[in-house]
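Numbered from 1 within each chain, the chains take letters A, B, ... in sequence-line order. Computed from a predicted structure; not experimentally measured.
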Amino acid sequence: MIEKNYQPADIETRMARLWEEAGAFKAGRPERRDARPFTVVIPPPNVTGSLHMGHALNNTLQDILCRFERMRGRDVLWQPGTDHAGIATQMVVERQLMERQEPGRREMGRTKFLERVWQWKAESGGVIVNQLKRLGASCDWSRERFTMDEGLSRAVVKVFVELHRAGLIYKDKRLVNWDPKLLTAISDLEVQQVEVRGNLWYLRYPLEGKAFHPDDPATFIVVATTRPETMLGDTAVAVNPDDERYADLVGKYVILPLVGRKIPILADEYSDPEKGSGAVKITPAHDFNDFEVGRRHNLPQISVLDQEGCLALVDNEDYLRDLPEGSAQLAEELHNVDRFAARKLIVARLEDFGFLERIEPNTHMVPHGDRSGVVIEPYLTDQWYVDAHTMAQPAIAAVRSGATNFVPKNWEKTYFEWMENIQPWCISRQLWWGHQIPAWYGPDGKVFVAETEEEAVGNALGYYVEQEVITPDQGAEMARDPDRREGFITRDEDVLDTWFSSALWPFSTLGWPDDEADVERYYPTDVLVTGFDIIFFWVARMMMMGLHFMKDVPFPTVYIHALVRDEKGAKMSKSKGNVIDPLHLIDDYGADALRFTLAAMAAQGRDIKLASQRVEGYRNFATKLWNACRFAEMNGCALPADFDATQATQTLNRWIAHETARATREVTEAIEAYRFNDAAASIYRFVWNVYCDWYLELAKPVLMGEEGAAKSETLAMVAWARDEILKLLHPFMPFITEELWAVTAKRDGLLVLTEWPRKAGLSSDEAVMMATTGPNEGLLPPVLLALDNADFSDPAAEAEIGWVVDLVTAIRSVRAEMNITPATLTPLVLAGASAETRDRAQRWNDVIRRMARLADISFADRPPEGAVQLLVRGEVAALPLKGVIDLGAEKTRLDKELAKAEADIKRVDAKLGNEKFVANAPEEIVEEEKEKREAAVARKAKIIEALERLKNAA
RNA sequence: GGGCGCGUAGCUCAGCGGGAGAGCACCUCGUUGACAUCGAGGGGGUCACAGGUUCGAUCCCUGUCGCGCCCA
């Protein structure tokens with residue numbers, strides 16, 4: 001029994017429980033042992049996260065694919081899990097400690113702190129998983145993984161060690177993006193370039209051997225810089241080799257103001273003559289470009305900042321080397337001053353001595369940390385790197401060859417662009433929460449990388465015994481007792497970039513390296529669904545790791561979906577306050593409505609501007625379906641076991657079978673092509689504008705009428721089409737369809753595991769091929785071996801019902817125009833009707849009268865005088881409304897129609913009169929135009945007749 | 001500076017070589033046998049602009065203008 005009102009919240013909790021209890025989402029179901037797998041790995045959300053619109057869209061689309069393929073008989077594995085999100089999670093827990101006024105991370109110590117993070121994860125890490133369940137995500141939750149669980153951690157270590165052995169992971173000292181707030185290195189991708197209004201400072205650097213005077217340009221060279229405070233670390237001045245202004249200065253030296261260091265003026269292409277003064281200061285330790293210039297010219301690298309972005313000058317050997325006496329005083333004064341305060345101090349000091357020429361306002365891009373929000377400092381440190389350039393090559397080739405395809409295809413360009421210019425990937429992070437790098441150091445800094453501490457220590461001790469740094473006895477001692485080797489062998493403190501573990505996700509979650517059975521079965525996955533913002537972060541890296549370790553791409557298809565924005569097109573962000581919370585929408589309208597909205601708006605290649613009004617509209621759609629099912633139930637519609645829709649005899653029933661087949665084809669093909677919006681539009685139109693608006697309405701007289709073959713067939717057909725609708729709609733609106741499936745009939749099983757309607761044109765052989773890996777047909781779901789005629793089509797039924805629809809529509813339209821209230825029943829006269837039309841009119845008499853508000857239907861050779869005359873499929877239908885209608889208005893209406901017909905004829909004639917058109921256009925197009933002309937000419941004739949009669953009546 | 005994409009009905013968006021579409025909003029009418037979370041009907045668009053290709057362009061090409069995103 002269907003409830004009177006559709007209540008999403010109640011249905012959703014019950015259906016979720018039902019699926020859970022049935023283990024409906026489990027991969028590897030015994031009865032599908034021989035079915036072809038369909039595998040998708042979820043983009044693992046951060047454990048710290050909560051569901052936002054991007055997740056809602058991403059997971060709705062994945063769920064549509066998974067439910068669709070599950071219904072098509074595949075063994076679906078949708079692999080869920082979460083990501084440990086190093087920086088984000090560590091920040092969350094640290095903030096919590098602060099709020100509770102507990103000891104901070106450093107006071108607490110590493111071990112204790114990590115315990116706290118795990119504790120936090122246990123308490124709060126399940127939030128987003130539960131939110132995904134509310135959305136209806138049909139993941140195999142029994143296989144949920146976490147990037148820091150034991151198995152995945154083993155995968156991380158193994159990958160690190162193997163890549164290190166292969167020379168693809170190495171340690172290097174170079175400039176990194178340093179976050180002075182979080183005190184860690186971050187990768188290029190975690191840096192956001194932000195436009196900042198700053199200044200360009202023009203500084204005078206005195207030439208060596210000349211007495212500096214601010215008024216004498218011959219005694220100095222002007223350099224322009226956006227970062228005056230780094231001048232303390234300058235080791236050269238560069239000018240463009242083609243810049244004639246400075247040609248004679250190349251090779252000479254300047255004396256660095258305030259500092260007194262003698263540094264060369266050199267020629268390098270990097271210096272842009274158009275920018276600033278054309279001369280640029282070179283600070284290799286504090287600027288990426290300068291670093292490269294420095295390498296080319298063998299310049300020293302003088303770092304003048306510490307980890308926190310404060311000047312570090314006292315005891316700074318690099319800085320103090322070769323400086324004149326007295327410079328130590330400046331070092332003392334500026335030591336430990338923050339970089340931004342230092343900027344002011346240094347500029348003021350330069351100005352005092354006449355070294356500041358001028359200040360020019362300058363807007364430029366400044367790197368910021370995407371987590372901390374502070375200005376990133378290029379900083380010279382030792383870090384671990386992946387040789388991304390080498391690993392990118394197979395990943396590039398795989399997309400070039402089509403082994404992996406992007407949908408839509410244009411994202412491949414973005415992918416290539418980045419991959420072909422890829423920089424070494426800095427993977428070490430100075431954090432605690434993450435996979436600690438499996439590297440150990442000896443007293444001389446020599447590194448030992450191994451999968452276990454035991455192995456690394458063994459190697460190290462062996463080495464130092466051999467080198468006679470320690471005796472064999474000491475070595476044995478240290479091997480036995482960790483306390484004894486403390487201070488001698490130490491483990492690398494750093495952890496790996498979170499994306500390092502995410503890169504392994506498609507195979508680490510399947511059990512690699514411990515158990516490869518599932519890797520065998522489910523790798524490579526079938527499709528990756530994700531947003532374009534993580535193509536670089538994640539997709540590219542999975543490609544590299546997958547190809548290297550699995551020797552195969554992780555997925556043949558990458559579907560890239562849009563970003564969800566607010567209704568004005570702005571990116572949703574907390575600071576803007578324009579975030580629409582998907583959970584609120586679920587509360588208000590139900591998960592099904594939200595899902596359908598997102599699918600309907602997921603057109604390829606465009607961002608989604610979401611308005612909640614749209615969600616409301618699709619909630620109404622759910623209500624419509626609900627009520628249609630209630631209607632079927634109230635009329636006792638039920639599907640007999642042996643019912644075959646294609647064998648129906650009633651025209652109306654053959655018509656809905658035909659329309660259902662069409663909808664099935666459209667929905668199936670659209671999902672197959674990742675055209676979610678087309679699929680949604682198709683099922684929407686079918687349910688509302690075909691099934692509800694016409695089929696149920698046209699069936700009413702039969703259903704209310706006397707018992708008999710026609711009625712029993714219709715009772716069955718209403719139920720049959722309803723069931724097909726529930727199946728087609730299930731991937732989009734799983735909750736309401738599952739509920740209706742359960743309450744509308746006694747079922748063998750859940751809808752979620754019911755077979756998808758066979759697409760037209762798919763032979764049973766192909767269906768078998770699709771769903772199986774082997775020839776063992778005995779284990780197939782029986783439906784895949786039966787059911788033919790899925791491409792059922794009946795043009796005759798289409799023509800007849802089409803006529804009824806057109807007739808009713810035309811009458812309704814003219815009645816509304818003439819302001820005839822529904823209470824007024826009018827007669828209808830079919831003039832000069834063909835035998836076929838007479839038959840049809842008799843067959844559909846009840847329906848037409850009811851829907852068009854008619855008193856009766858009669859026939860005549862000619863339309864009566866003073867009637868409204870309508871053209872329906874080439875014949876005249878007249879409404880004798882003498883006295884009711886305004887003859888003047890009717891004339892105006894007919895004049896308008898006439899003008900339209902004449903315009904149509906004129907346009908077609910222009911085409912057909914064009915020799916080139918007739919010669920060049922495809923035959924069927926020309927034929928079509930001719931038919932259009934004929935129809936328009938016939939229409940025109942009838943309208944003229946109608947006008948004549950109107951004149952007579954007046 | 002390089003790349004990608006977008007300018008179609010009041011709004012949000014489909015369509016993309018042969019007669020301009022949907023949803024919402026708007027206007028009119030309606031307690032018609034499931035549904036007012038509804039039904040019926042209606043108005044509304046030089047498809048940004050300018051060239052070109054073509055028998056034919058909203059659709060392809062070029063340019064201009066406006067907007068967005070990514071990378072330097």
Side-chain angles (χ1 to χ4, degrees), chain A residues 2 4-6 8 188-189 192-193 272 288-289 365 408 410-414 416-418 421 532-533 535-536 562-563 565 567-571 589-590 593 597 600-635 637 675 677-678 680-681 684-685 688-689 692-693 696-697 700-701 703-704 718 808-809 811-823 825 850-853 900 903-904 907-908 910-922 924-926 928-929 932 935-936:
Chain A
I2 306 178
K4 171 99 170 61
N5 291 312
Y6 165 54
D188 298 342
L189 291 173
Q192 307 273 303
Q193 299 293 334
D272 181 351
F288 287 99
N289 289 308
M365 302 301 268
N410 53 315
W411 289 109
E412 289 181 3
K413 188 149 187 163
T414 307
F416 288 136
E417 197 64 34
W418 190 69
N421 297 295
F532 61 82
D533 48 333
I535 292 177
F536 306 145
L563 237 52
R565 299 170 177 282
E567 51 195 308
K568 293 189 195 75
K571 205 165 170 173
Y589 304 113
T597 308
M601 298 188 81
Q604 291 181 8
R606 197 197 271 235
D607 285 348
I608 295 176
K609 291 186 206 162
L610 187 74
S612 61
Q613 217 173 32
R614 201 70 194 261
V615 187
E616 187 184 349
Y618 290 119
R619 188 273 320 268
N620 295 352
F621 173 60
T623 307
K624 185 74 181 175
L625 173 71
W626 186 265
N627 285 312
C629 291
R630 279 183 64 222
F631 172 79
E633 180 183 69
M634 290 162 84
N635 283 282
C637 298
R675 302 184 62 91
N677 59 318
D678 286 345
Y684 183 94
R685 180 199 63 84
W688 203 316
N689 304 121
C692 292
D693 286 353
L696 292 185
E697 291 303 327
K700 274 177 185 174
L703 295 173
M704 311 296 167
V718 168
V808 169
T809 306
I811 296 170
R812 279 172 169 176
S813 177
V814 81
R815 284 178 58 107
E817 258 178 72
M818 303 276 153
N819 283 324
I820 300 165
T821 64
L825 302 187
R850 197 178 68 84
M851 296 186 77
R853 311 298 296 158
K900 202 161 162 269
D904 282 354
R907 189 168 32 73
V908 176
K911 275 194 178 184
L912 291 172
N914 183 341
E915 281 173 34
K916 287 180 178 170
F917 171 74
V918 181
N920 293 324
E924 63 268 23
I925 297 292
V926 178
E928 231 171 76
E929 292 296 326
K932 273 184 212 164

A.B. asks: From the list G41(B), G18(B), C38(B), which nucleotide is the closest neighbour of the side chain of K624(A)?
C.D. replies: C38(B)
A.B. asks: Quote, to the nearest angstrom, the C1' distance that separates G17(B) from G52(B).
C.D. replies: 15 Å
A.B. asks: Determine the Euclidean distance between corresponding P atoms of C11(B) and C70(B); express it in Å to zero decimal places.
C.D. replies: 26 Å
A.B. asks: Describe the nucleic acid contact of K413(A) in one word from base, sugar-phosphate, nothing, applying a heavy-atom distance below 4.0 Å.
C.D. replies: sugar-phosphate
A.B. asks: Keeping the roles fixed (side chain from R619(A), backbone from A593(A)), state whether a donor-acceptor pair exists under 3.5 Å.
C.D. replies: no
A.B. asks: Would you call E697(A) and K700(A) a salt bridge, taking side-chain N to carboxylate O under 4.0 Å as the test?
C.D. replies: yes
A.B. asks: Please compare D678(A) and T821(A) by the position of their nearest nucleotide in RNA chain B and report the one closer to 5'.
C.D. replies: D678(A)
A.B. asks: Would one find a side-chain N or O of N635(A) under 4.0 angstrom from OP1 or OP2 of A34(B)?
C.D. replies: no
A.B. asks: Is it the case that G41(B) (base atoms only) and R815(A) (side chain only) share a donor and an acceptor within less than 3.5 Å, ignoring hydrogens and angles?
C.D. replies: no
A.B. asks: Decide yes or no, distance alone: a donor-acceptor N/O pair under 3.5 angstrom between the base of A34(B) and the side-chain of K700(A).
C.D. replies: yes
A.B. asks: More 5' along RNA chain B: R907(A) or Y684(A), using each one's nearest nucleotide?
C.D. replies: R907(A)
A.B. asks: Indicate yes or no for a side-chain donor-acceptor contact from R812(A) to the backbone of M851(A) under 3.5 Å, with no hydrogens or angles considered.
C.D. replies: yes
A.B. asks: Check the distance between G42(B)'s P and I820(A)'s CD1 and give it to me in whole angstrom.
C.D. replies: 14 Å
A.B. asks: Which of the following nucleotides, G15(B), G42(B), C35(B), is nearest to the side chain of S813(A)?
C.D. replies: G42(B)
A.B. asks: Check whether the side chain of R850(A) and the base of U32(B) form a donor-acceptor pair under 3.5 Å.
C.D. replies: no
A.B. asks: Using a heavy-atom cut-off of 4.0 Å across all strands, would you classify M601(A) as base, sugar-phosphate, or nothing?
C.D. replies: sugar-phosphate
A.B. asks: Pull out every stem in RNA chain B, meaning runs of 3 or more consecutive Watson-Crick or G-U wobble pairs with both distances under 3.5 Å.
C.D. replies: B:1-7 with B:65-71, B:10-13 with B:21-24, B:26-30 with B:38-42, B:48-52 with B:60-64
A.B. asks: Please state how far atom CG in N289(A) lies from atom P in C71(B), giving the value in whole angstrom units.
C.D. replies: 17 Å
A.B. asks: Could you check how far CE of M818(A) sits from C1' of U28(B), rounded to whole Å?
C.D. replies: 15 Å
A.B. asks: Is the base of A34(B) touched by the side chain of E697(A) through a donor-acceptor pair closer than 3.5 angstrom?
C.D. replies: yes
A.B. asks: Check the phosphate of U37(B) against W688(A), side-chain N and O only, distance under 4.0 Å to OP1 or OP2. Yes or no?
C.D. replies: no
A.B. asks: In whole angstrom, give the distance that lies between atom CG of L912(A) and atom C1' of G19(B).
C.D. replies: 13 Å
A.B. asks: If I take atom CG in residue D533(A) and atom C1' in nucleotide C4(B), what distance separates them, rounded to the nearest angstrom?
C.D. replies: 15 Å
A.B. asks: For residues Y618(A) and Y684(A), establish whether the separation of their ring centroids is below 6.0 Å.
C.D. replies: yes
